Amino acid sequence: MNIMSFFGKRGDTASVAKNRLQILLAHERSGNSTEDARLISSLREDILAVVAKHISIDPNAVRLEMDRSGDITTLGIDIELPDGATRKSA
Amino acid sequence: MNNATVIVVTSGKGGVGKTTSTAAIASALAKQGYKVCAVDFDVGLRNLDLIMGAERRVVFDLVNVVRGEASIKQALVRDKKLENLYLLPASQTRDKDALTDEGVASVINELKMYFDWIVCDSPAGIERGATLAMRYADEAIIVSNPEVSSVRDCDRIIGLLDAKTVLAEQGERMPKHLLITRYDVERARLGDMLAVEDVVDILSVPLIGVIPESRDVLKASNVGLPVTLSDETSPASRAYTEATQRLLGEDIPITIPTEKKGLFGKFFKGRAA
């Protein structure tokens, strides 16, 4: 399913534009943008610390992404493990 | 003496038609017999003089007046066609920081003694020039193209109008009017362009007019005439005139004037409907 078939009739880019704007502006009006940035960076540090307790990883291998679509906000955590990741012994 | 109304024409984004709209609306107000002053706040990148065809008669400017180097009367440039329409040009050589809050306040207060309408052409952006252009306004015209980045920037500007203006600081709500420019009825109908209702819906600001995309806007700027003075029959000119009537409180339905359709236009419309 592509974004077109989701938001309206095929080729109707205007309704995609409207939808994107409504989601974006709801977020910008609430003034949550700076809070999000703070949340993401503190979450990232904590997650990194927890993972590093068990596996040696590159700090840059942890990526956090926030995706807001309407009423639902999802948080994606992507951690790249090095080849032959070894468990640290407790 | 102090029944003057200060209007700011603003948008956030550049190139959406603030200067064109300022010139067109100021001229339409003057045609109705009001004493009107258009003030260019785009210090460093002035263009209202060019759009109004007054560029060769600019001697002093807003920055000179704000700094006390010239009087307002010395700086005002009278329109070639309408004797009750004046321009207060911006400076071309300074930057926006040359304007001070107190200086702008005193200029606006003095203009209110001489004019019925003061139409402030805001620069793009949200820096000093833009915030000072809106600071002393009684009403705002928000100019948006039916396009995502323009609409988003208008939303930001609306936030500033409700926070950084004298009216807002006094706890009052600034009356706002949405002017949609460069609109293409056909593209909106096909779903290629945000429709008027979409933009109104997103920004929640009452609509004052819809200016259709028109070749006459460029032609008018080529010769230095506001579009409402260059060709009164053109769709853009009619749309600006109607928007001005609404600004004056007339209750007229919003229409979107269009070019007369040729045979192909009619045929196409019939087929696609």
Side-chain angles (χ1 to χ4, degrees), chain A residues 1-48 59-80, chain B residues 10-13 16 125-126 142-164 168 173-174 176 178 180-205 207 210 212-213 256 268 271-273:
Chain A
M1 183 172 73
N2 70 15
I3 198 159
M4 294 300 189
S5 55
F6 188 79
F7 284 121
K9 67 176 192 259
R10 223 171 127 210
D12 182 1
T13 55
S15 54
V16 179
K18 185 179 183 185
N19 203 290
R20 289 176 60 216
L21 273 170
Q22 281 173 326
I23 291 164
L24 173 70
L25 294 182
H27 183 69
E28 288 185 346
R29 285 169 187 160
S30 69
N32 283 341
S33 309
T34 47
E35 269 173 49
D36 282 357
R38 223 175 290 141
L39 174 69
I40 290 279
S41 48
S42 58
L43 269 176
R44 196 177 164 281
E45 276 171 41
D46 286 3
I47 289 167
L48 189 62
N60 293 322
V62 177
R63 284 172 46 82
L64 264 75
E65 269 182 7
M66 202 176 252
D67 191 346
R68 299 171 302 269
S69 38
D71 302 333
I72 307 163
T73 300
T74 57
L75 182 68
I77 304 170
D78 190 350
I79 305 171
E80 191 186 317
Chain B
T10 184
S11 70
K13 190 173 182 296
V16 298
I126 51 171
I142 296 155
V143 184
S144 184
N145 291 165
E147 179 273 326
V148 287
S149 57
S150 173
V151 175
R152 179 199 211 172
D153 290 359
C154 282
D155 197 71
R156 187 77 206 283
I157 284 291
I158 291 165
L160 293 179
L161 287 167
D162 286 334
K164 301 263 175 159
R173 208 169 167 74
M174 162 130 6
K176 304 178 203 74
L178 176 64
I180 299 177
T181 54
R182 308 201 67 165
Y183 192 70
D184 186 324
V185 177
E186 192 58 19
R187 297 200 72 188
R189 197 182 64 78
L190 293 170
D192 291 349
M193 180 182 265
L194 284 168
V196 170
E197 310 81 66
D198 295 334
V199 183
V200 174
D201 200 21
I202 291 164
L203 293 176
S204 302
V205 171
L207 187 65
V210 180
E213 174 77 59
I256 308 169
F268 181 74
R271 276 248 334 231

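Atoms considered below: every heavy atom in the structure, side chains included; atoms not considered: hydrogens, waters and symmetry mates. Being a predicted model, the structure only gives us computed values, none of them experimental. In the text below, chain A, chain B and the rest are named by the order of the sequence lines, each starting its count at 1.
- Chain A is approached within less than 4.5 Å, heavy atom to heavy atom, by B:Val148, B:Val151, B:Arg152, B:Asp155 from residues 145-157 of chain B, ordered by number.
- Contact count against chain A (heavy-atom pairs under 4.5 Å) is highest for B:Asp201 among B:Ile158, B:Asp201, B:Leu203.
- For CD of A:Gln22, the number of neighbouring non-hydrogen atoms (other residues, nucleotides, ligands) closer than 6.0 Å is greater than 12.
- A:Ala14 approaches B:Leu194 most closely through the heavy-atom pair O-CD2, 3.5 Å.
- With sequence neighbours excluded, the residues that form a salt bridge (charged side-chain N to carboxylate O under 4.0 Å, His left out) with B:Lys176 are B:Asp162.
- Heavy-atom neighbours of A:Arg63 CZ from other residues, nucleotides or ligands within 6.0 Å: at or below the threshold of 12.
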